[in-house]
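Only heavy atoms go into these numbers, but all of them, side chains included; no hydrogens, no water, no symmetry mates. Below, read A as the first sequence line, B as the second, and so on, with proteins coming before strands; counting in each chain starts at 1.
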Protein chains: 2
Amino acid sequence: MEKIIHRYKGKGFKLTPQRLAILKFLEGNNEHPTADEIYTGLKNDYPTLSVATVYNTIETLRDRGEIAEVTIDPERKHFDPNTTPHHHIICMECKRIADIFEDYTSEIALPQEVVEEFSVAGNHIDFYGVCRECRG
Amino acid sequence: MEKIIHRYKGKGFKLTPQRLAILKFLEGNNEHPTADEIYTGLKNDYPTLSVATVYNTIETLRDRGEIAEVTIDPERKHFDPNTTPHHHIICMECKRIADIFEDYTSEIALPQEVVEEFSVAGNHIDFYGVCRECRG
DNA sequence: TACTACCTTAGAACAATTCTATTATAATAT
DNA sequence: ATATTATAATAGAATTGTTCTAAGGTAGTA
Ligand SMILES: [Mn+2]
Ligand SMILES: [Mn+2]
Ligand SMILES: [Zn+2]
Ligand SMILES: [Zn+2]
């Protein structure tokens, strides 16, 4: 909380109550919530919060590189406050997304012709599986 | 073409002209088109084709595992007639998607705690870069 | 206080996708 | 061949996720 305030007290980004609430909601949250889940999770405490502000804020944060957009679920976008490069596994049943903190970059060297065609900036691995709970 | 007919002449899937056109459009297509690109690419030759039929068909094909849905582009879904496991790289400028035919599965072993929690079924790597053309 | 820049809000607009009701077609049985 | 049935195609409506717009609101500065 102190850390959040300190972190975002730079110029060009006003720390409004709404933004602070969204940042607090995301801080340390490893559930990879959707925009609607952020909104639903906050609207009781912030009844005047609008869904547009949630989208505005997560878009701003995403553009500033403060949060990451997770594309593993074709149904909707998920957001991740952890921007250190890492990978994800999704349960194909319940759509729960978990983190994988391994750096495989040196293991996944690209073939010559791809390296010649593209300047490669990064990678992200989607793993697919079924979680323990969904296996019963 | 002969191959397509042969392949899909199984029961439970009628090979109608519209479906055949969509299959022909996708066959060997490594551009990873969107639903709209499929529709746009066919509507001159099939003026009565509806966008709903494109969606119906690609959904059916996807559910049957005949085509794959590519999630690398957060903006829209792309489709891929190549269902052999492979990876993709997207140009962050022009959004062009290219194939990477390498199997990294044995290089990207998951940590113990993830394997205990999930039964892993597969993986897909998104690479991000900038293509030669976009670098000028 | 006045000014400026930025933010929030509600709701409209939008684009991608899915659903619905109707009609058409193909496969099967008679 | 004809009738029956099952499935597909169509147009357009509806839905969903997301972005935009216009109207205030608020914080920081002069
Ligand atoms: Mn994560
Ligand atoms: Mn591909
Ligand atoms: Zn699960
Ligand atoms: Zn490019």
Quick test: give all pairs of protein nitrogen or oxygen and nucleotides 12-16 of chain C nitrogen or oxygen below 3.5 Å, distance rounded to 0.1 Å.
from	atom 1	to	atom 2	distance (Å)
C:dA16	OP1	B:R76	NH1	2.5

Contacts table for residues 36-43 of chain B: side-chain donor-acceptor under 3.5 angstrom, sequence neighbours left out:
from	atom 1	to	atom 2	distance (Å)
B:E37	OE1	B:T34	N	2.9
B:T40	OG1	B:D36	O	2.8

### Query
How do B:R62 and A:T53 order along DNA chain C: which one's closest nucleotide is nearer the 5' end?
A:T53
### Query
Considering heavy-atom distances to DNA chain C, does A:L49 or B:T34 have its closest nucleotide positioned more toward the 5' end?
A:L49
Which pairs, protein N/O on one side and nucleotides 19-25 of chain C N/O on the other, fall under 3.5 Å?
none

### Task
Under the side-chain contact (heavy atoms from CB on, under 4.5 Å) rule, collect the residues that match up with A:V115, sequence neighbours excluded.
A:L110
### Query
Under 4.5 Å between any side-chain heavy atoms of A:V120 and B:I89, yes or no?
yes
Donor-acceptor contacts under 3.5 Å from residues 50-60 of chain B side chains, at least two apart:
from	atom 1	to	atom 2	distance (Å)
B:S50	OG	B:A52	N	3.4
B:S50	OG	B:T53	N	3.2
B:S50	OG	B:T53	OG1	3.3
B:N56	ND2	B:A52	O	3.3
B:T57	OG1	B:T53	O	2.8
B:T60	OG1	B:N56	O	2.8

### Query
The side chain of B:Q18 lies closest to which of these nucleotides: D:dA11, D:dA9, C:dT8?
D:dA9
### Task
Can you sort out the partners of B:P85 under side-chain contact (heavy atoms from CB on, under 4.5 Å), two or more places apart, ordered by chain and number?
none
### Message
Tell me the interatomic distance from A:F79, atom CZ, to D:dT18, atom C1', rounded to whole angstroms.
### Response
10 Å
### Query
Do the ring centers of A:H88 and A:H32 come within less than 6.0 Å of each other?
yes
